[in-house]
A.B. asks: 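I have a structure I would like to understand better, so I am pasting it below and will then ask my questions one at a time.
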Amino acid sequence: QAQLVDSGGGLVQAGGSLRLSCTCPASGWTFENYALAWFRQHPGKEREFVAGIKWTGGSTSYADSVKGRFTISRDNDRNALYLQMNNLKPEDTAVYYCAQSFVGAGFPTAFDDVGTWGQGTQVTVSS
């Protein structure tokens, strides 16, 4: 099973930006044919869907709380998934996880839809 590696988290002031990345460094593994998504988990709460993208990159979806501020994108040639986060708010503070669907499925929007998780990267937004 492939491993996903999340990176790009950090500490930023409210109104700032961060760009998260997710890669799959395993030799011979590809994101092609897998829909991808970002989830986040606030302390003491369940993991929640943030944004999703189909494997062609032509269809995306966002949680209402991040629409207009976050942009999900992917580069299938580089086996990379990105989340550009602008105008960050303190309530965006969470651990962010990239997620890969089961092969041929739509992008995951619930915990049980996810075939493979990244290890998570902490995003902290100070007020």
Side-chain angles (χ1 to χ4, degrees):
Q1 188 175 10
Q3 274 193 312
L4 305 181
V5 179
D6 304 326
S7 62
L11 173 63
V12 64
Q13 287 188 330
S17 299
L18 283 174
R19 188 192 195 208
L20 305 184
S21 299
C22 174
T23 59
C24 184
S27 175
W29 190 265
T30 175
F31 276 156
E32 191 171 353
N33 292 324
Y34 290 92
L36 301 170
W38 289 97
F39 284 67
R40 67 186 181 186
Q41 189 165 16
H42 296 98
K45 297 196 174 181
E46 293 186 352
R47 210 165 288 188
E48 64 180 20
F49 171 79
V50 174
I53 186 168
K54 290 191 175 180
W55 78 270
T56 59
S59 178
T60 59
S61 181
Y62 297 90
D64 287 343
S65 58
V66 306
K67 277 182 183 175
R69 300 187 298 121
F70 290 11
T71 303
I72 189 172
S73 61
R74 63 189 294 166
D75 185 338
N76 288 338
D77 290 337
R78 298 188 177 192
N79 274 348
L81 173 71
Y82 305 103
L83 185 69
Q84 178 66 44
M85 305 186 295
N86 297 328
N87 190 21
L88 282 160
K89 303 176 180 180
E91 51 264 41
D92 294 318
T93 295
V95 178
Y96 285 71
Y97 298 87
C98 71
Q100 180 176 278
S101 68
F102 297 101
V103 62
F107 49 71
T109 58
F111 190 92
D112 290 343
D113 297 335
V114 177
T116 305
W117 292 99
Q119 87 284 2
T121 184
Q122 175 71 47
V123 171
T124 303
V125 184
S126 63
S127 57

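Count residues from 1 along the sequence.
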A.B. asks: What distance separates Y96 OH from S7 OG, expressed to the nearest 0.5 Å?
C.D. replies: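 Interatomic distance, Y96 OH to S7 OG, rounded to 0.5 Å: 15.0 Å.
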
A.B. asks: So if you build clusters from Ile, Leu, Val, Met, Phe, Trp, Tyr with side-chain heavy-atom gaps below 4.5 Å, do V50 and V12 land together?
C.D. replies: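 In one cluster with V50: V12, yes.
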
A.B. asks: May I ask you to say whether K67 pairs ionically with D64, meaning some side-chain N is under 4.0 Å from a carboxylate O?
C.D. replies: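 Yes, this pair counts.
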
A.B. asks: Nearest 0.5 Å, what's the NZ-CZ distance between K45 and R40?
C.D. replies: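 Going from NZ on K45 over to CZ on R40, the span is 10.0 Å.
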
A.B. asks: Is it the case that N79 and T23 place a side-chain donor and acceptor less than 3.5 Å from each other?
C.D. replies: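 No, no side-chain donor-acceptor pair sits under 3.5 Å.
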
A.B. asks: Rounded to the nearest 0.5 Å, what separates atom NE2 in H42 from atom CD in E91?
C.D. replies: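 Here the rounded value is 8.0 Å.
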
A.B. asks: Minimum heavy-atom separation for D6 and C98, please, with both atom names.
C.D. replies: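 Scanning both residues, the minimum pair turns out to be OD1-SG, 2.7 Å.
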
A.B. asks: Could you report the tightest heavy-atom contact between S127 and P90, atom names first, then the distance?
C.D. replies: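 Minimum heavy-atom separation between S127 and P90: CB-CG, 3.8 Å.
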
A.B. asks: Let's go through Q100 and L81 carefully: what are the C-alpha distance in whole Å and the side-chain angles of both, what is the deciding distance for side chain to side chain contact (heavy atoms under 4.5 Å, CB included) to 0.1 Å, and is it a yes or a no?
C.D. replies: CA-CA 10 Å; Q100 180 176 278; L81 173 71; over 6 Å; no

A.B. asks: Would a hydrophobic clustering, with Ile, Leu, Val, Met, Phe, Trp and Tyr connected at side-chain separations under 4.5 Å, put V66 with L88?
C.D. replies: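 Yes, V66 connects to L88 through the hydrophobic network.
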
A.B. asks: A105 and A35: which non-hydrogen atoms are nearest, and at how many Å?
C.D. replies: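 Answer, listing the atom of A105 first, then A35: O-CB, 3.6 Å.
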
A.B. asks: Measure the spacing between CD of Q122 and OG1 of T93 and express it to the nearest 0.5 Å.
C.D. replies: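 Between atom CD of Q122 and atom OG1 of T93 there are 7.0 Å.
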
A.B. asks: Spell out, as yes or no, whether a donor-acceptor pair under 3.5 Å connects the side chain of R74 to the backbone of K54.
C.D. replies: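 Yes; at least one donor-acceptor contact below 3.5 Å.
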
A.B. asks: Nearest 0.5 Å, please: how far is CG in N76 from OG1 in T56?
C.D. replies: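 CG of N76 is found 8.5 Å from OG1 of T56.
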
A.B. asks: Hydrophobic cluster membership, with links at side-chain heavy-atom distances under 4.5 Å among I/L/V/M/F/W/Y: are L18 and L83 in one?
C.D. replies: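 Yes: a chain of side-chain contacts under 4.5 Å links L18 to L83.
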
A.B. asks: Are F111 and V114 connected in the hydrophobic side-chain network, where two residues link if heavy atoms are under 4.5 Å apart?
C.D. replies: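 Hydrophobic grouping puts F111 with V114.
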
A.B. asks: Compare all side-chain heavy atoms of V123 with those of L20 and state whether any distance is below 4.5 angstrom.
C.D. replies: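 The answer is yes, as the side chains (C-beta and beyond) meet within the 4.5 Å cut-off.
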
A.B. asks: Can you name the nearest heavy-atom pair linking S17 to Q84, along with the distance?
C.D. replies: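 Minimum heavy-atom contact is CB-NE2, 4.0 Å.
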
A.B. asks: Please answer: with hydrophobic residues joined when any side-chain heavy atoms are less than 4.5 Å apart, are F107 and W55 in the same cluster?
C.D. replies: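 No, because F107 and W55 fall into different hydrophobic clusters, even though each may have its own neighbours under 4.5 Å.
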
A.B. asks: Taking the inter-plane angle between the rings of F39 and F49 on a 0 to 90° scale, is it parallel (under 30°), tilted (30 to 60°) or perpendicular (over 60°)?
C.D. replies: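 Perpendicular, since the angle between the ring planes exceeds 60°.
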
A.B. asks: At what distance, to the nearest 0.5 angstrom, does CH2 of W117 lie from SG of C22?
C.D. replies: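 The distance works out to 11.5 Å.
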
A.B. asks: Stepwise, does the side chain to side chain contact (heavy atoms under 4.5 Å, CB included) test hold for D92 with M85?
C.D. replies: CA-CA 9 Å; D92 294 318; M85 305 186 295; over 6 Å; no

A.B. asks: Looking at W38 versus Y62, is the centre-to-centre ring distance below 6.0 Å?
C.D. replies: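 That pair fails the under 6.0 Å test.
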
